[in-house]
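From a predicted model like this one, the values you see are computed outputs, not experimental measurements. Residue numbers count from 1 along this sequence.
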Amino acid sequence: RSFARSLLRFLGFILWGTAAAQAFGGLLVILMFKNYRYLFQESYLSLPGWLALATAIILLPTGVLAVSISVKCSRTQQGTLMYLLLLLLCLEMSSAALARSYCVRTASQLESVMGYLYHQHNWTCSQDPGSSAVDAIQRKLKCCGVHNYTDWLKISSSSRYHPACVPESCCKEKHSHCRGDLGHVEQLSEEGCLKKLEGQLYFTMLYIFWCCTVLSIFELLAGVSNGILMRNQPFHELRIL
């Protein structure tokens, strides 16, 4: 019982800390799908992020209860803690499963969606910067083309209406006079947007997955510790629950 009290107190502080980690992961997912809404148009894809935020909010009173019970046992508080731990486990397993599923699904569709957007892009070799979804993505990620700048050459060769240049959004920021001229390839971003976007997608979704998995282990330990403290106490106070 003494070890269970100490462990529950320690886990209470851990739950407070992981609340911040969960909130950070949830915001990462929500902001990523908001910033690249041109590519991810399904609104449900941000659901793991909202579940992570809900988990972070519930973790705060759960941590308070865990620390409080470790100091003075109350049957009502112990029962409430068990209910909150069960709710958290449901939320985290749902968030982890959705994050893993969406990561695989969206990664397989991403290349075709980006290819379609790039072929629909109308650009010229003028000095006016583009303002389309493609230009926004290339500026934000500092990339050029789906795989690299040669994708624009393939699009240009397949249509006589497209010029033999790349959009100005492909230019590196340090080259302020760059106009997408293929004669100065060193002024263009080397890396493709698909690889960078996939990297962000994998990072955010796997962060949510592993954060929920590790947190579930802590919560199981808290539930076991709480159960040990409840074992030798009378159960008549549980009627209110």
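Looking at Val224 and Leu220, their side chains never come closer than 4.5 Å, going by heavy atoms from C-beta outward. Between His147 and Glu191, every side-chain heavy-atom pair lies at or beyond the 4.5 Å cut-off. With a 4.5 Å cut-off on side-chain heavy atoms, Gln200 and Leu141 count as touching. Taking 4.5 Å as the limit, some side-chain heavy atom of Leu201 sits within range of a side-chain heavy atom of Met32. Looking only at side-chain heavy atoms (C-beta outward), Lys142 and Lys172 stay at 4.5 Å or farther from each other. Within the 4.5 Å cutoff, side-chain heavy atoms of Leu53 are placed close to those of Trp50. Between Leu15 and Leu60, every side-chain heavy-atom pair lies at or beyond the 4.5 Å cut-off. Considering only heavy atoms from C-beta on, Ser95 comes within 4.5 Å of Ile208 through its side chain.
Ala99 and Pro48 make their closest contact through N-CG, 3.9 Å (heavy atoms, listed as atom of the first residue, atom of the second, distance).
Applying the ring pair (Phe, Tyr, Trp, His ring centres under 6.0 Å) test to Phe209 and every residue at least two apart in sequence or in another chain returns nothing. In this structure, Lys195 has no salt bridge (Lys or Arg N to Asp or Glu O under 4.0 Å) partners at least two apart in sequence or on a different chain. For Glu92, the side-chain hydrogen bond (donor to acceptor under 3.5 Å, both in side chains) partners at least two apart in sequence or on another chain are Ser216.
If you check the side chains of Gln138 and Ser189, you find no donor sitting under 3.5 Å from an acceptor.
Phe3 and Leu11 end up in the same hydrophobic cluster when Ile, Leu, Val, Met, Phe, Trp and Tyr side chains are linked at under 4.5 Å.
Note that the CZ atom of Arg1 and the CD1 atom of Ile228 stand 9.5 Å from one another [nearest 0.5 Å]. Going from atom CG of Leu85 over to atom CG of Leu221 covers 10.5 Å, rounded to the nearest 0.5 Å. Remark: Ile137 CD1 to Cys144 SG distance equals 12.5 Å, nearest 0.5 Å.
Within a 6.0 Å sphere centred on CZ of Arg9, heavy atoms belonging to other residues, nucleotides or ligands number more than 12.
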